[in-house]
Every structure is written in C-alpha cells, then in structure tokens.
Amino acid sequence: MAHRLFPDEWMVPTITAMLSPEVVAGLRAAAAPTSTLWELTIANGHATDDQILAALSARCRLKMADLSKPDPRVKEVIPEAVARRYRVVPLRVTDSYFEIATSHPFDMDAEKGLAFATGREVRMLLASPAKIAAATDELYRPENVVEKLLEGMEAGAEVTQLEEEAPSEEIQVSAEEASQRPVVRLVDLILSEGILSRASDIHVEPEEGGFAVRYRIDGVLRQVMKIPRAAGFPLTSRIKIISSLDIADRLRPQDGRARVAVNGVPVDLRVSTLPASFGEKVVIRILDSRATALSLDALGLNADERAAIEALLGHHEGVILVTGPTGSGKTTTLYSAIRLIKTGKTNIVTVEDPVEYRIPGIVQVQVHEKAGLTFASALRSILRQDPDVVLVGEIRDRETAQIALQASLTGHLVLSTLHTNDAANAVTRLVDIGMEPYKIAASLRGVVAQRLMRKLCPACKEVAVEVIPEKLAHWLPAGTPLYRAAGCSECAMTGFRGRFSIVEVLTVTPEVERAIGSGATADRIAEIARSAGMRSLFESGVAHVLRGESSVDELMRVVDVPFDEGAASGAATVAGGAPAQAGAPAPRGSGAARVSAASAAALGIYLEEPATESSERVDFVSEAFELLDSIGKTSRLQQVRRKVLLVDDEDQLRRVMKDLLERDGFQVAEARDGVEALDQVDRFGPDAIVLDLNLPGLDGYGVLSHLRSRPATAHVPVVVLTAKGDEDNEVRVFELGADDFLTKPFRARALTARLDVVLNRRHHSA
C-alpha cells in the first residue's frame, strides 16, 4: 500500500510525540486524500484541540492566541480574501509588527506574503483551525462591518425613496440581506453626502481589498471611504434594488434610474452597473435640477462667446452642434439654449436618452430602443408634429444625421451634440458617418466646442508665485497677476468651487461654407474660422485665467497648449488688448534633446553617424543626415510641420521614432494599440501614419482595413512597420491598401525618406 501523506504532514512529529507511531500509522491508513491529521486526531478521540495546541506551543515555543477581542483596525490592513487564503486571523497591528493567529506556524509562504502585504514584521500565535474559521467569519461579518462603519458618523440628511411602483415579491425575497437596516443606512449616507457635496457622480468601485466610494466634484474624483468586500456586495445590491435592476444578474451591464428626496428635495438618479473582475462597479449620476442653473449666464462665458452663441440661436433653420467629450457640459449648454429661445410662441420638441432635466413648456421624448423608439424613428415622427425647434440628444449614426440635416433644410432649427475634440472636426465626424460635404455646408450654421474648467474658490485663492512654464510665456503677458488654489473649509481643501465653460464657437461664414462644401480638411476649416475671429478653447481658457477666475494648472489640465506658432500672436487680444511678449516659440525640432545611437540601435533603428567623444548625442538636423538625393530640398520644405501618427505597442521604440521625426520637422502623435490609433486619427488628423502590424486587440491589418473603408481616411498615406519581412505578408498589406512597407530593423533615414516619398506622391496625385 502506498504511503499516504497528510495535507498537514508537518504535524506528524507533534502528534507522534503525543500518541505513538502506531496510532499515526493507523490514522494514515484510514485517511481520505483530503483529511488532515489534526482533524483525524480530533475525530477519533485521540486528543482535543487544547491538547494539540499545548503540544504545538511547546514544540514551537509560541503562545496561544486570544481570539475574543481582535483590534478593529486589522481589517484595514488585511482584507478578508488574504486572511482566508492563508487561514489566519489578524489580531493586533502596530507601526512595526502585526499579530496573527494561525494553526500552521511553519507556513513560510503565509509569513512572507503577509509581511510583504503589510510592510510589518509578522508575529504568530497559535489557534485551532475550527476557531480560526469561526473567528474569521465573525470578524468579517457584513452586519458588523456596516455597523462599525456607521459608528461615530453623523446621521446626515434624511433620504426618502420615491417609489414609482412597488417592487415585486420576488425582488423583496431575493433582496432580504440588502434590505437590512445597516445597509440601508449606509446607502442613504453615501447618497445624501454626495448630493450635499455637489457631486455629479458617485462611483462604487470593487477592488482586491474592498470597495472604494468616490465622488466626482467639479469634474474631479475624490475617494471618500473604503468599504470591506463583505459589506460592498450588499451595498451594490441595495443600490440595484432602489433603481429597479435585477440583483441576481451580476454578469451583464445594467442601466436603471431612481428618484429620491434629500431633506424633502427630489433628486433624479441614473444608475449604471458594470461587471468587473472583483465585483460590480456601480456609477450613480446625480441629476439635481435645482443645483443646475440652465441659462447662458450661468455658464460663465466670455462676453464675445455669449454674443456668438446668441447669434447662432437667432437662426430660424439649420443645424447647431455642441461638441466635446463625455462630461463636458454639452447637455447643460443645449438646455440653456432651449431656455433662451423658449418664448411660448415656438413649438420645441426634444428627443433624448435619457431625459435629464424636465423643462415646462416643451415636449420631451425619451428614447426606448427595446420598444423600437430610436433617435431616428422619434425624429421622423417629431417632424410630423410641426416643430419650430428640434433638440436631438446626440447624433450617433448615419440615419439620425441624415434626418437631422434634412429637417434643417426644410425650415427647422436642429440642436444636437457630437463627440469631437474641437469645432472644426465636427465636419470630419459627419463625413465619417456618411454625410455628403455639400449637405453639411448647406445645413450647418455653427459648432460650439466645449470644456469645463474649475473655478478658484473666492475665499482662499492666492497670488501665484510659481514660474510660468516657458510654453505659456507668450500667452500670459508679463506683469499680469495670476492666482492659484490654496484650500479652505468652504471648498473642502481643494481650492476650487464650481465650474464654468470655455468654448470655441465656429460660425459658418460664406468662406467656411465653401471650404466645407469642397471637402476641406478640419485644419483648413479651423484656419478660415480663426481668420474670421474664432478663438480656440485654449484662448478662451486663457481669458479666464488672466481675469483671476482659474489657475494656470487648471487650464493645462483641461486643454493642451497649441503648437501653432501664429496663434500666439492672438494672445494679446485674449485679455482685452495687452500685448504679448515678443518672440516666437521655437519649433518642436529645435530642442536640445537627442537620441543616442546606442539606444536607437538597441531598438532596431540604425543612425548614419555614430556618437563621438565630443558629442554623445546625434543632431538629426545636421547636413550629415540629409536624406536620399532623389527627395531634394523642395520636398524637405514641403514636409515641415506635417502630421505623423506613430502606432506601435513598444513604448521605447515609439519614443525614439518620435524624436527622430520631430528632429526632421514633423509634428507627431502616438498610439499604443489599434483602437487608440483610430481614435487619434479622428482627433489628430494625420497627414501620414506609421503602423506596426503586431498590436494588442485590434491589430495593424484591422486598422489598415478600417482606414481604407472610411472616405475621410481612404487616402491617408500608411507606411507599414513590421518584423515580418516575408513576401506573403508584404503582398497582404499592399492588397489592404498600404503605401509602403518597412521591415525591422531599419535605418533612421529610411523612415523619414519613405514618409517624404509617400507624402509627395499623395500631394502630386491630388
């Protein structure tokens, strides 16, 4: 018969000393594969837990643990999952050591793992496996966790759920645990504190050690509490109950809504759940109509910006778009515009998903895709209702865009939103959706690109003494007092209180209309609009900074500093006429940074001139690196400031290539994978793309196919970069529409030379 080992074989010497080798051999022969020696000894009546612990204590010279009163702070240091993994009970914690109760004092993996996790010396005490399991259950019991979490907290504002319909009996039965009083109190506390703190969103995020609760206040997330995992699951279930979601379905995303009253004031909630690796993430969007002033005055616009928007709203027909990323205030701006033009003499109808704010005097339609009520179908029906103004929550597809443009051409004023980074790219986005440029030109009246900046707290803002970054020197006139965030009790020590809008208002003039109709690029459209007086988002933000309404750091957090050298000349008029500092910023390629030949060669890029003792860096602007003679100096001048998008998942290689191209006068953007590459194409508008084939997620073949299938990117030159130099691979990429093929490793001048060739080829063919 084979010699069977116990899972706790280390206990054999201790049990043998207590009993006899023959008894241990008998236990070994009768043991099941998963039976432990400790359990068998107790089950057969050979010894008790206390006797085994006494023998083990003598052998290991360790004390026995007192499990009656563990320190409550230990749960913050050791999560439940870690305690159960190592089968220990945390007892006491100090700055230098950590006490645990264990039944396996020889478990070195547990000792090292806990020491690493806590950053403290681990001290072991002894306890039986049964008592450790019971103590762990008691320590991490959900009811105790929530009660302790609520101890010492203020009662907070009164929260009352406003039920639209009573929950079914099935939901009540399955939600028994989540409806216990401590969990209900915790959810009420989180909601009331978030609403009273002016939060726009509440995030409940599962992590390895528990659940984090974060509030988004003035556009920035702040963590307010950490909840152990045992309490997090009832918490998320309770939120799903009040928003009428299926708490038994934890594997699919769900969207719901709820209405609560905080101190008698009704507040609408939009709830979204998302399955994650450690549990469900829940995001609650707070829609407090009383806290949002829906008017152009409340947006904090500059005077000329407000006048430009009011002029757009004076049109009786056409399309007006508000663009920007999620959370940039597009919906609030649209509602403010509706409030301005709502006179009681016009028929205004909206179609939204969801209807966030209810406005008296207008008809608001809620999209219901499961019932077949989409943006497009609702818009068709609305046009039969004789509307004067139509608000479409978002243009998402070709059908909706087609109907919206057609409605504007038949005498309706259409307001809607798009997800683009600036005003001019709204035209590019509509073309990508499938709209013809001539229709866009005929119907579009204007585009408002928008971002939100935080406003400095008036109670604690102070004069900034930091040196202005060099790249901002041309935008901020010397001697202008600037302010920074300090922090006080009124702003929760953040230095900011409230937000305002910075906008870029593109008015479609006859010149802009002709450019759109002829299929001009977004850069060209923006250039024409700027010559007619349009200010960029950055210039709009600078005006607020110069008036002391916000800080330089906040401006740089929200928008990027423009690369356009000529734009700096307009900085003088941003603040109302103060002249900007003389001089122009140096081109991006004129910096002192250089890439070493050794580091480039390690990545498979070979420079033409090795580093010398006097110069360890290579100057890529020098005559020593003039490219192929066939290119000529004319093409070099033509490529200055051309935009190139680098798509490669190797960060170091991408950085080296970027430095190479910037030294040769290119303007470079980067992407790490295929999805990010397609997003950057829309944002950056590259003149050429350098595309690696081996990318995570969507690979280079998929990116290339997608680019060639879109009218806006069908003719953008693409140089494929790959380590696969075989003939079949080369043929495949050319069949997909690549312009050139470059195999790794390659020489530095080969990349810029090939870019010159494909750019000039496209230029002459156009």
Side-chain angles (χ1 to χ4, degrees), residues 159-165 195-196 198 200 243-244 256-271 284-301 306 309-310 312-322 329-368 371 373-375 377-395 404 407-408 411-417 448 450 498-501:
V159 178
T160 307
Q161 181 183 356
L162 304 179
E163 296 284 357
E164 295 183 0
E165 58 182 20
I195 293 169
L196 296 176
R198 301 179 297 105
S200 60
S243 52
S244 301
R257 62 182 62 198
R259 204 169 189 224
V260 300
V262 179
N263 289 338
V265 178
V267 177
D268 290 316
L269 307 177
R270 299 289 181 267
V271 180
I284 305 170
R285 187 171 188 190
I286 300 171
L287 304 175
D288 187 357
S289 57
R290 297 195 179 187
T292 305
L294 301 176
S295 68
L296 291 180
D297 290 332
L299 299 180
L301 302 172
R306 178 190 167 97
I309 293 176
E310 289 180 344
L312 291 179
L313 295 174
H315 289 284
H316 298 292
E317 47 80 27
V319 175
I320 300 174
L321 298 174
V322 180
K330 300 187 297 296
T331 302
T332 302
T333 299
L334 283 180
Y335 278 122
S336 300
I338 288 292
R339 279 284 183 89
L340 182 67
I341 61 181
K342 183 176 72 70
T343 61
K345 300 178 181 179
T346 54
N347 179 14
I348 302 175
V349 185
T350 76
V351 51
E352 307 167 63
D353 184 21
V355 176
E356 296 189 359
Y357 302 106
R358 293 177 174 86
I359 302 178
I362 68 174
V363 177
Q364 296 174 274
V365 179
Q366 167 71 54
V367 168
H368 197 307
L373 184 61
T374 63
F375 276 111
S377 62
L379 194 51
R380 284 196 206 95
S381 300
I382 288 171
L383 295 179
R384 303 188 192 106
Q385 298 286 318
D386 187 32
D388 298 300
V389 180
V390 179
L391 187 153
V392 183
E394 181 182 352
I395 294 179
S408 70
H412 303 87
L413 181 62
V414 180
L415 310 179
S416 189
T417 68
V448 180
Q450 177 169 332
R499 289 186 290 178
F500 56 83
S501 299

Completion exercise
Heavy atoms of Val351 and Ala378 approach each other most closely as CG2-CB, 3.6 Å

Exercise for the section: Taking the side chain as every heavy atom from C-beta outward, state whether Ile362 and Leu391 have any pair of such atoms under 4.5 Å apart. Expected result: no

Problem - Distance in Å, Lys330 NZ paired with Leu415 CG, rounded so as to fall on 0.5 Å steps - result: 14.5 Å

Handout entry: More than 12 heavy atoms from other groups under 6.0 Å of CZ on Arg285
Key = no

Fill in the blank from the handout: Rounding to 0.5 Å, atoms CD1 (Ile284) and CG (Leu269) come to a distance of 6.5 Å

Exercise for the section: Could you tell me whether the side chain of Gln364 and the main chain of Ile359 form a donor-acceptor pair under 3.5 Å? Expected result: yes

Handout entry: Shortest non-hydrogen contact from Pro266 toward Arg259
Key = CB-NH2, 3.9 Å

Handout entry: Expected output: side-chain Ser408 to main-chain Val414 donor-acceptor under 3.5 Å
Key = no

Completion exercise
Here the gap from Arg339 atom CZ to Asp297 atom CG, rounded to the nearest 0.5 Å, amounts to 12.5 Å

Exercise for the section: Supply the atom-to-atom distance Thr332 OG1 to Gln450 CD, rounded to the nearest 0.5 angstrom. Expected result: 8.0 Å

Handout entry: Sidechain-backbone polar pair: Asp388 side chain, Asn347 backbone, donor-acceptor under 3.5 Å
Key = yes

Handout entry: Any Ile309 side-chain heavy atom under 4.5 Å of Ile320 side chain
Key = no

Problem - Point-to-point distance, once rounded to the nearest 0.5 Å, from CZ of Arg270 to OG of Ser243 - result: 11.0 Å

Practice task
Quick one: pull up CZ in Arg306 and OG in Ser336 and give me the separation to the nearest 0.5 Å.
Solution key: 10.0 Å

Exercise for the section: For the residue pair Ile341 and Val389, establish whether any side-chain heavy-atom pair is separated by less than 4.5 Å. Expected result: yes

Completion exercise
Residues passing the side chain to side chain donor-acceptor pair (under 3.5 Å) test with Thr374, sequence neighbours excluded, are Ser377

Problem - Side chain proximity check, Thr417 to Thr331, heavy atoms < 4.5 angstrom - result: no

Practice task
Determine the minimum heavy-atom distance between Ala404 and Val319, stating which atoms define it.
Solution key: O-CG2, 4.1 Å

Problem - Leu413 side chain near Val390 side chain, heavy-atom distance below 4.5 Å - result: no

